[in-house]
Number of protein chains: 2
Amino acid sequence: MELSERKKKILRAVVESYIRTAEPVGSKAILELTELKVSSATIRNELSDLTEMGYLEQPHTSAGRVPSPKGYRLYVNELMEEQRLSLEETRQINEALHLKMQELDKVIDQAGRMVSQLTNYPAFALAGGRQSTTIRRYDLIMVDTNSFIVVVMTDSNVVKNKLIRLPTDLSQPQLQMLTTLLNASFVGKSLEELTPELMRVAEHAAGSAYGLISLVVSFAMEVLDSLEHSPVYTAGASHILDHPEYRDVDKAQKLMSYLTEEQSLANALDLPALNSDNTKILIGPENVADELKDTSVVLASYDIGDGMKGVIGVVGPTRMDYAKVAAKLSYVADGLSKLFGQGELPPALDEKEE
Amino acid sequence: MELSERKKKILRAVVESYIRTAEPVGSKAILELTELKVSSATIRNELSDLTEMGYLEQPHTSAGRVPSPKGYRLYVNELMEEQRLSLEETRQINEALHLKMQELDKVIDQAGRMVSQLTNYPAFALAGGRQSTTIRRYDLIMVDTNSFIVVVMTDSNVVKNKLIRLPTDLSQPQLQMLTTLLNASFVGKSLEELTPELMRVAEHAAGSAYGLISLVVSFAMEVLDSLEHSPVYTAGASHILDHPEYRDVDKAQKLMSYLTEEQSLANALDLPALNSDNTKILIGPENVADELKDTSVVLASYDIGDGMKGVIGVVGPTRMDYAKVAAKLSYVADGLSKLFGQGELPPALDEKEE
DNA sequence: CTTTAGCACTCGGGGATAGTGAGTGCTAAA
DNA sequence: TTTAGCACTCACTATCCCCGAGTGCTAAAG
């Protein structure tokens, strides 16, 4: 059943006023907010209808109306106007996006912090999307007679290293031999394929440099493992205290500890992220996690390249300026995609100063 | 002027009771907490003295007494008994200390989280201590005709790498030549010594592989830079909401945003850390940072090896169980020192499972 | 059938008031 | 110096009341 034009106008007025003021909206206030040429009694009738239909709620009998999750949903789907960012805002984001090209996870972490600051909501950011990564190459660099550096590179172009020290001595030819062996036997294997049996066979072949294989390969496994379970970076949890719905310390604390708990968001999120086009809004009970049932989540996805995608978003009360937040997130996500798209070319040579 | 035995007993009772209950302590309560064979009136006289001397404070005329920072200080210096951790507690910490040997910063971050969980206070952890680090060696690993991996190792045994892609092709001999040049000209130089002039001279010598030098060296500079400004990891900021002194949302928020603000703690801390022996307690106004004037900080330092030290600690209200917190921190710090001390030997070979 | 004016009603919030009780400080005697 | 006794202070809580915003309903008008 389609809502009448007038009802939509009224719903929209309620939502937008409530987003701004956090106060229930009364019939008279709506008269001032819209161009409607009717009396407050008419508005009241409409409000009553909208409440009955489930788009609005009443905190108590003699208060104004507040949007319900269903109301927000309708607003987001049909009523909300796409928000254009001001020049000042885009400038600010562009500036903040001038992140140092560092390790991927640091960049993502930074981006999360930035979004939190930008929106005044707790933010999260994560990367993921590849099912099975494999090691593309191994290199061993000799440092001393008893230490060397392992460098592994994955087929998603992630490079990690580790310094390994040994109680025994080691020769350059040995290392050379090991490298060859590693690249012959352990390249192109996913985490699951790096089985103990495989290791045993290889160790056999390794001869005197026996135990090293397992050291190097378990490092590789750690790397692959950490790529599959990439962490969720959260930032700005304290921002929830900015918003009046969390004046209640207990509520605030519950949400906050949920947000800072390592893996919690990861579970709640990656499903919707993958299928979605650019941005996605989850309102109140639409969230799967119980702890988020009366919060909203807005997220945007971006491209990292090498087959990986990322998601960045914020968490806040259902009373959230969806239009603005979505616009900002989308802008940031686009920026990140571009950043990663060009990021692997060398930076312009004139960046030497700074 | 030395306090009488009895005054000390009373002060101690007040502090310990207040730490437990967060309620002002009255004269009668003290009678029950101590073995003193006097009347409450006598206690009142003593309390009055202690208040006048500045060791106690009165929230209002008709309330009990609360320790002042000066009172806590005396308690910590003279009255507090060293707390022994229970078996359960040490077991718990030992277990948590079985951190995966990962990159240094991840381990430190983990340790911070752990301490926060252990103590129910916001925690921080950081590393530092070396003034000027230099690069010990450069290695370039060829991947394709147009991409290679830089690996740099510092004299503090930190190894970092980066994948660099180029629009132009590159030959193995070129890379070889570059490596030689880099190791000849840029090894043993600190951040300050890697001047633009030096770079220009080297680029000249590099011939056709001209621009690459600057790419590699600026990566090295980034590495050195990040080592000097090593970040402060904070965790568990939401824990301050556990404590009744932060029922006031505004106070909580102020502290919390201070804690999550990147660099703020770094400035406030490294001074006392360096000179101190193992653990250190800073009570209320003893803190340099204004934002911490009515909080306390307990910290412990640990050894990372290779000339680096680290600090780990918690922030909380002045009403803090100093004995317990200090004991836990000290235990954790010792554990970390040991972990780092042995960490660079290979892990036992039987760790393959897990 | 829709809109409107009018009006009684509801209910949360703020402010005043009073009672309670824990705890004090002081005085005077032991 | 200690103690008993006592008046006093002051935060805290409960209760009441009032106020006003906002509603829902009714009945009349369009």
Side-chain angles (χ1 to χ4, degrees), chain A residues 1-11 13-15 17-18 20-68 71 244-245 247-248, chain B residues 1 3-11 13-15 17-18 20-68 71 244-245 247-249:
Chain A
M1 152 197 53
E2 190 53 27
L3 286 179
S4 74
E5 257 334 285
R6 195 170 65 186
K7 281 201 173 57
K8 285 189 185 172
K9 276 210 181 91
I10 292 175
L11 177 57
V14 172
V15 172
S17 164
Y18 187 66
R20 252 185 308 112
T21 65
E23 299 287 331
V25 187
S27 49
K28 285 195 211 122
I30 292 172
L31 278 184
E32 289 166 20
L33 291 169
T34 59
E35 317 300 15
L36 295 176
K37 295 274 181 299
V38 293
S39 75
S40 67
T42 311
I43 304 281
R44 277 205 291 284
N45 286 330
E46 297 283 57
L47 286 176
S48 182
D49 288 355
L50 285 166
T51 307
E52 206 164 332
M53 291 188 248
Y55 295 107
L56 296 178
E57 283 168 358
Q58 251 175 323
H60 53 269
T61 358
S62 81
R65 299 307 205 286
V66 159
S68 70
E245 21 274 287
R247 302 296 310 183
D248 177 3
Chain B
M1 155 196 50
L3 286 179
S4 75
E5 258 332 286
R6 195 170 66 186
K7 281 200 172 60
K8 284 187 185 172
K9 276 211 180 91
I10 293 175
L11 177 57
V14 173
V15 171
S17 165
Y18 187 67
R20 252 186 308 113
T21 66
E23 298 286 330
V25 187
S27 49
K28 284 194 212 125
I30 292 173
L31 277 184
E32 289 166 20
L33 291 168
T34 59
E35 317 300 14
L36 295 176
K37 296 275 182 298
V38 292
S39 75
S40 66
T42 311
I43 304 279
R44 278 204 291 282
N45 285 330
E46 296 284 56
L47 285 177
S48 181
D49 287 354
L50 284 166
T51 308
E52 206 165 332
M53 292 188 247
Y55 294 107
L56 296 177
E57 284 168 359
Q58 249 176 324
H60 53 269
T61 358
S62 80
R65 300 305 206 286
V66 160
S68 70
E245 20 275 287
R247 303 294 313 182
D248 177 3
V249 179

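By convention in this document, chain letters (A, B, ...) are assigned in the order of the sequence lines, proteins followed by strands, and residues within each chain are numbered from 1.
- Rounded to an integer number of Å, the gap from B/Lys28 NZ to D/dT3 P is 15 Å.
- For B/Arg6, the side chain to side chain donor-acceptor pair (under 3.5 Å) partners two or more places apart in sequence, or in a different chain, are B/Glu46.
- Atom CG in A/Leu47 sits 6.5 Å away from atom CG in A/Leu56 (nearest 0.5 Å).
- Spacing between atom CD of A/Gln58 and atom P of D/dG22 amounts to 12 Å, rounded to whole angstrom units.
- Here the side chain of B/Thr21 pairs a donor or acceptor atom with the backbone of B/Ser17 at under 3.5 angstrom.
- Checked against side-chain contact (heavy atoms from CB on, under 4.5 Å), B/Ser48 has the following partners two or more places apart in sequence or in another chain: B/Arg65.
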Pairing pattern in dot-bracket form [Watson-Crick, G-U; both distances under 3.5 Å; | = partner strand] for DNA chain C: ||||||||||||||||||||||||||||||
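- Of the side-chain N and O atoms in B/Arg6, none sit less than 4.0 angstrom from OP1 or OP2 of D/dT1.
- We find that CZ of B/Arg247 is positioned 17 Å from C1' of D/dC12, with the value rounded to whole Å.
- Environment of NZ in A/Lys8: crowded, with over 12 heavy atoms of neighbouring residues, nucleotides or ligands closer than 6.0 Å.
- You'll find the side chain of B/Thr34 stays beyond 4.5 Å of the side chain of B/Ile10, heavy atoms only.
- Contacts between residues 36-52 of chain A and DNA chain C, defined by a heavy-atom separation under 4.0 Å, are made by A/Lys37, A/Val38, A/Ser39, A/Ala41, A/Thr42, A/Arg44, A/Asn45.
- Separation of atoms CD1 (A/Ile30) and OG (A/Ser40) is listed at 10.0 Å; rounding is to 0.5 Å.
- By the 4.5 Å heavy-atom criterion applied to side chains, A/Val14 and A/Tyr55 are not counted as neighbours.
- D/dG20 atom P lies 16 Å from atom NE2 of A/His60, rounded to whole Å.
- Close approach of DNA chain C to chain A, defined as any atom under 4.0 Å from a non-hydrogen atom of the protein, starts and stops at C/dT3 to C/dG12.
- With sequence neighbours excluded, the residues that form a salt bridge (charged side-chain N to carboxylate O under 4.0 Å, His left out) with B/Glu245 are B/Arg319.
- Salt-bridge annotation for A/Glu2 and A/Lys7: absent, with no side-chain N of the basic residue lying under 4.0 Å from a carboxylate O of the acidic one.
- Expressed to the nearest 0.5 Å, how far CG of B/Leu36 lies from CD of B/Glu5 amounts to 10.5 Å.
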